[in-house]
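When a ligand or atom number is given, it counts from 1 through the structure's own listing order.
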Amino acid sequence: MALIVQKYGGTSIGSIERIQNVARRVAKWKNAGNDMIVVVSAMSGETNRLIDLAKSIQAQPDPRELDVVASTGEQVTIGLLSMALMELGVPARSYTGWQISMLTDSAHNKARILEIDEQNMRADLAAGRVIVVAGFQGVDAAGNITTLGRGGSDTSGVAMAAALRADECQIFTDVDGVYTTDPRIVPQARRLRTITFEEMLEMAGLGSKVLQIRAVEFAGKFQVKLRVLSSLTEPDIRVDEEGDSGTLITFEEDKQMEQALVSGIAFNRDEAKVTVLGVPDKPGIAFAILDPIAKANIEVDVIVQNVGSEGTTDFSFTVHRNDLMRTMDLLTKVKKDIGAKKLIGDDKICKLGLVGVGMRSHVGVASKMFEALAADGINIQMVSTSEIKITVVIDEKYMELAVRTLHKAFGLDEPTEPAMPV
Ligand code: ASP
Ligand code: MG
C-alpha cells in the first residue's frame with residue numbers, strides 16, 4: 001500500500017462534472033489499496049474573480065484582507081470534492097489550510113510554508129478516509145489566513161507529500177506532461193517521459209508554467225517523487241497505466257540513455273529590459289544601480305555589463321514587466337549620482353532558454369544556438385549561461401520563430417525512439 005498525494009488544478013475541477021470525474025479518479029486509486037490525500041485549487045477563473053472583487057474596492061488591496069478573500073475559492077472545491085467522493089461510497093473529509101495547520105510565515109500573498117501538522121491526517125488515513133486539502137492557503141503563527149502566491153497549490157501538494165513522506169506526488173493538470181516546448185507554438189513538440197529535477201527547475205525559472213517554481217524547489221529539497229499528468233483522460237483508465245503516464249521528475253540522470261544535448265526550450269514574454277548607458281567603469285557602480293532595486297523587492301534576472309571603453313560602460317538587466325515602471329522611476333532618482341548618461345526601458349523583449357543536463361558534457365551548444373538564430377536574422381540582445389542552460393534575450397516579435405528554429409536545430413522535432421536499424 002502506498003501513500004499518494006494528488007493535486008488537481010483549476011481546470012481539472014472547473015465544473016461539477018469535472019469534480020465528479022476527479023472523484024472517480026481518486027476513488028479508483030483508493031480502491032486499488034492506496035492511502036490518498038488530495039490537494040485542490042479553486043475552480044478555474046475563481047481566484048481571478050475574487051481578486052478582481054477586492055480590487056474593485058481597493059486599487060491596492062490590503063494584503064491581509066486580500067488573502068481572506070482570495071483563499072475562499074479553495075474552500076468551495078474541497079467541500080464539493082468530498083461530497084462527490086461520498087456519493088461514490090468513499091469516506092472523505094475536507095480541510096482548510098488552517099484546519100490542518102499548514103503553518104506559514106506572515107508574508108501575505110506570497111507566504112512560505114514552515115510546517116504541517118500531520119496528526120489529524122494520520123488518524124483520518126488510519127480510519128480509511130480520503131483527505132481533501134485546500135491548496136494555496138495556510139495560516140501564520142498569529143492565526144492569520146495566508147496565501148502562497150498564484151499557482152501556489154502545486155506547492156501545497158508537494159509540501160503535503162514531503163510532510164507525510166508520501167510515495168509519490170501526482171500533479172494532475174490540463175496537459176499530459178512536460179513537453180520539449182509549448183506545443184501551441186511547435187506542433188512537433190514531444191512529451192518528455194522523464195526530466196531531471198535540475199532541468200525542471202530551470203524550465204520553471206524560464207517561464208514554463210507547468211509547475212510553480214516553488215513547488216519544484218520544495219520537491220528538490222525534500223526529495224519528493226513528482227509526476228505531472230493529465231486529468232482530462234478517461235477517469236477509469238487502469239491505475240498501473242495511469243501511474244506510468246505523464247512526466248516523472250527524476251533525481252538521477254538516465255545513465256543508460258545517450259543524453260540529448262537539449263531537453264527542452266522554455267520562454268516568456270513577462271520580462272522587460274533596462275539599460276543604463278554611459279556609466280563610469282569603476283567599482284561600486286553595479287551595486288549602486290541594483291541596490292535601490294533590490295531594496296524595492298524587485299527581482300532582477302539576466303544581467304549584462306559591457307567591456308568599458310573610454311572609462312564608461314553600459315549596464316543592462318531584466319525585470320518583470322510589471323516592475324518596469326517602478327524600476328525606471330527608481331533609477332531616474334539615482335541616475336545623476338551614478339553619473340549615467342541615459343536610461344532605456346524596453347518591454348518588447350522575450351527571454352528564451354535551452355535547458356539540458358546533456359550540455360554539461362558538451363561544448364559548442366551556445367555556438368550552435370547562435371548559428372541557428374543568426375540564420376534566421378534574429379539579433380541576440382543579452383546572453384547568460386549556467387551549466388545546464390543558455391538563455392538569450394531577443395526582440396519579442398521573433399519569439400515564435402526562434403523557438404521553432406531551435407527546436408529543429410537541436411533535434412527535438414524528431415521522435416524519441418531511434419528508428420530500428422535495418
Ligand atoms: N487558485 C490559486 C491560483 O489561481 C492557486 C492555484 O491554482 O494553484 O493562483
Ligand atoms: Mg497551476
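Distance alone, capped at 3.5 Å, is enough to place a donor-acceptor pair between the Q137 side chain and the G97 backbone.
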Could you go through the side chain to side chain donor-acceptor pair (under 3.5 Å) check for Q75 and T96 one step at a time?
-> CA-CA 6 Å; Q75 185 163 337; T96 60; 5.8 Å; no
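Heavy atoms of E46 come nearer than 4.0 angstrom to ligand 1 in no pair at all. Note on ligand 1: G152 sits in its first shell, one or more heavy atoms being nearer than 4.0 Å.
The G151 neighbourhood of ligand 1 comprises atoms 3 (C), 5 (C), 6 (C), 8 (O), 9 (O), with distances under 4.0 Å to a heavy atom of that residue. Close approach of ligand 1 to R150 (heavy-atom distance below 4.0 Å) involves ligand atoms 3 (C), 4 (O), 9 (O). Distances below 4.0 Å separate heavy atoms of T47 from the following atoms of ligand 1: 1 (N), 2 (C), 3 (C), 4 (O). Ligand 1 places these atoms under 4.0 Å from at least one heavy atom of E74: 1 (N), 2 (C), 5 (C).
Counting non-hydrogen atoms of other residues, nucleotides and ligands closer than 6.0 Å to CD of E371 gives a total of 12 or fewer. Atom CD of E234 sits in a crowded spot, with more than 12 heavy atoms from other residues, nucleotides or ligands closer than 6.0 Å. Applying the 6.0 Å contact sphere to CE of M86 captures more than 12 heavy atoms from other residues, nucleotides or ligands.
In the model, E271 has a side-chain atom that pairs as donor or acceptor with a side-chain atom of T318 under 3.5 Å.
Considering backbone and side-chain atoms alike, S41 places an N or O below 3.5 Å from some N or O of ligand 1. For a threshold of 3.5 Å applied to N or O pairs, the pair formed by D154 and ligand 1 contains no separation below that value.
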